[in-house]
Engineer: 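Mind having a look at this structure? Questions to follow.
Basis for what follows: all heavy atoms, side chains included, without hydrogens, waters or symmetry-related copies.
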Amino acid sequence: MDLMPITMGLKEELLDELEIQTVFTIPHTNISVDETTVVSWIIMAALTILAIILTRNLKVEGELSKRQQILEVCMDKMVNFFKGNLGEKGVKYMPWLMSIGIFIGASNMIGLLGFKPPTKSMQVTAAMALTSIVLVEFAGFKERGVKGHLKSFTQPVAIVTPINVLEILIKPLSLCMRLFGNVIGAFIIMELIKSIIFFKIGISLAFSFYFDLFDGFLQAYIFVFLTSMYIQEAIEE
């Protein structure tokens, strides 16, 4: 089998996925809006509408609908999960962690609908990683105080202070590259599978289910889990 056409086709597909196209330009300005921003708006709008629909007519007492029962079970499991990672003091940061996790999961799976996932753009993954670390440092200063949080950089001994300070830059870079790399890596593997075993539709669908659904949720879980661990580390005494 001649692999040259496959290689060239994969290269073109990868370059197309990495390229961010401009969708429109705001009239009378030089501000352009790219497809990553537009798809992100679509995801946020869809999640907002879904949240409104799911939370309508909730009851405090009386017979609960199946919808509310499922929501409460899911909520209890997530609260227990975050309490285990963050402790009682860190539960207040749970809404943000849940929101970013749901957004990443939806972004990774929106490719099934024909949209380009925002998480294939390093701008998006870098922005989410940066906001995560800003939240981590904010939590540290809020829970420990300015003096206490600054003092934590000298632990366990003062000589490691430069390394601890450098971690402020390393952590968002790690979050960004891990999410971006896994999404792009899954795309490359799927394109290779499609080009090699294109005649075996069942196998392609099985791999697509794994990379587009399971792996999409897995990457969201890893991102949220690491962020919650960073917060727990920042607020612990």
Engineer: Please name all residues satisfying side-chain contact (heavy atoms from CB on, under 4.5 Å) with T154, sequence neighbours left out, ordered by chain then number.
Structural biologist: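 K151, T161.
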Engineer: With no hydrogens and no angle check, is any side-chain donor or acceptor of Q69 less than 3.5 Å from a backbone partner on L64?
Structural biologist: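 Yes; judged by distance alone, with no hydrogens or angles, the pair exists.
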Engineer: I want to check something: taking the side chain as every heavy atom from C-beta on, are F82 and V224 in contact at a cut-off of under 4.5 Å?
Structural biologist: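 Sidechains of V224 and F82: in contact.
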Engineer: Where do I43 and A106 come nearest, in terms of heavy atoms and distance?
Structural biologist: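 Looking at all heavy atoms of both residues, the closest pair is CG2-CB, 3.8 Å.
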Engineer: How about L58 and R67: do any of their side-chain heavy atoms sit closer than 4.5 Å?
Structural biologist: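 Side chain of L58 against side chain of R67, heavy atoms only: contact under 4.5 Å found.
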Engineer: Counting only heavy atoms not in L113, do more than 12 fall under 6.0 Å of its CG?
Structural biologist: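 Buried by this count: over 12 neighbours within 6.0 Å.
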Engineer: Among residues two or more places apart or on two chains, list those pairs meeting ring-ring contact (aromatic ring centres under 6.0 Å, His included) that have a residue in residues 83-120.
Structural biologist: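 Residue pairs passing ring-ring contact (aromatic ring centres under 6.0 Å, His included), neighbours aside: none found.
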Engineer: Quick one: which residue pairs count as a salt bridge (Lys or Arg N to Asp or Glu O under 4.0 Å) with a foot in residues 177-186, not counting sequence neighbours?
Structural biologist: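 Passing the test, one end in residues 177-186: no pairs.
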Engineer: Not counting sequence neighbours, which residues clear ring pair (Phe, Tyr, Trp, His ring centres under 6.0 Å) with F141? List them please.
Structural biologist: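 F141 satisfies ring pair (Phe, Tyr, Trp, His ring centres under 6.0 Å) with H149 once adjacent residues are dropped.
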Engineer: What's the shortest heavy-atom distance between C176 and A129, and which atoms?
Structural biologist: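 That would be N-CB, 3.7 Å.
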Engineer: Just jot down the side-chain contact (heavy atoms from CB on, under 4.5 Å) partners of I70, sequence neighbours excluded, or say none.
Structural biologist: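 Counting only residues at least two positions away or on another chain, I70 forms a side-chain contact (heavy atoms from CB on, under 4.5 Å) with C74.
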Engineer: T55: what forms a side chain to side chain donor-acceptor pair (under 3.5 Å) with it, not counting sequence neighbours?
Structural biologist: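 For T55 there are no side chain to side chain donor-acceptor pair (under 3.5 Å) partners, ignoring immediate neighbours.
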Engineer: Between F223 and S132, which heavy-atom pair has the shortest distance, and what is it?
Structural biologist: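 So the minimum-distance heavy-atom pair works out to CE2-OG, 3.3 Å.
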Engineer: side-chain contact (heavy atoms from CB on, under 4.5 Å) with I170: which residues, sequence neighbours excluded?
Structural biologist: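 Applying side-chain contact (heavy atoms from CB on, under 4.5 Å) to I170 gives L166.
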Engineer: Side chains of M128 and T119: does their closest heavy-atom pair fall under 4.5 Å?
Structural biologist: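 With C-beta onward as the side chain, the pair touches.
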Engineer: Determine whether L97 and T227 make a side-chain contact, defined as any pair of heavy atoms from C-beta on separated by less than 4.5 Å.
Structural biologist: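 The answer is yes, as the side chains (C-beta and beyond) meet within the 4.5 Å cut-off.
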Engineer: Only distances under 3.5 Å count here; give the side-chain donor-acceptor pairs of residues 45-52 to other protein atoms, sequence neighbours excluded, each with its distance to 0.1 Å.
Structural biologist:
residue : atom : partner : partner atom : Å
T48     : OG1  : M44     : O            : 2.7

Engineer: Can you name the closest pair of heavy atoms from I235 and R144 and give their distance?
Structural biologist: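 Scanning both residues completely, I find the closest heavy atoms to be C-NE, 4.3 Å.
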Engineer: Same cluster or not: are I168 and L135 linked, directly or through other Ile, Leu, Val, Met, Phe, Trp or Tyr residues, by side-chain heavy atoms under 4.5 angstrom apart?
Structural biologist: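 Yes, it is one cluster - the side chains of I168 and L135 are joined through contacts under 4.5 Å.
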Engineer: Which residues satisfy the side chain to side chain donor-acceptor pair (under 3.5 Å) test with E72, sequence neighbours excluded?
Structural biologist: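 E72 satisfies side chain to side chain donor-acceptor pair (under 3.5 Å) with Q68 once adjacent residues are dropped.
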Engineer: Determine, for Y230 and K171, whether the Lys NZ or Arg CZ falls below 6.0 Å from the six-membered ring centre while staying within 45 degrees of the axis.
Structural biologist: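 Positive - K171 is close enough to the ring of Y230 and near enough to its axis.
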Engineer: Tell me every residue that passes side-chain contact (heavy atoms from CB on, under 4.5 Å) with T36, counting only those two or more places apart in sequence or in another chain.
Structural biologist: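 Only I20, D34, S40, P118, S121, V124 meet the side-chain contact (heavy atoms from CB on, under 4.5 Å) criterion with T36.
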Engineer: Sequence neighbours left out, what passes ring pair (Phe, Tyr, Trp, His ring centres under 6.0 Å) with F81? Give chain and number order.
Structural biologist: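 Per chain and number, F81 pairs via ring pair (Phe, Tyr, Trp, His ring centres under 6.0 Å) with Y221.
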Engineer: Using every non-hydrogen atom in the two residues, find where L86 and S228 come nearest and quote the distance to one decimal.
Structural biologist: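 In this case the closest contact between L86 and S228 is CD2-O, 3.1 Å.
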Engineer: So N80 and K77, side chain to side chain contact (heavy atoms under 4.5 Å, CB included) or not? Walk me through it.
Structural biologist: CA-CA 5 Å; N80 292 333; K77 290 186 177 297; 5.6 Å; no
Engineer: Could you work out, with salt bridge (Lys or Arg N to Asp or Glu O under 4.0 Å) as the rule, every residue matching K92, not counting sequence neighbours?
Structural biologist: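 By the salt bridge (Lys or Arg N to Asp or Glu O under 4.0 Å) rule, K92 matches E143.
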Engineer: Any heavy-atom pair between the side chains of K83 and M94 that's under 4.5 Å?
Structural biologist: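 No, side chains not in contact.
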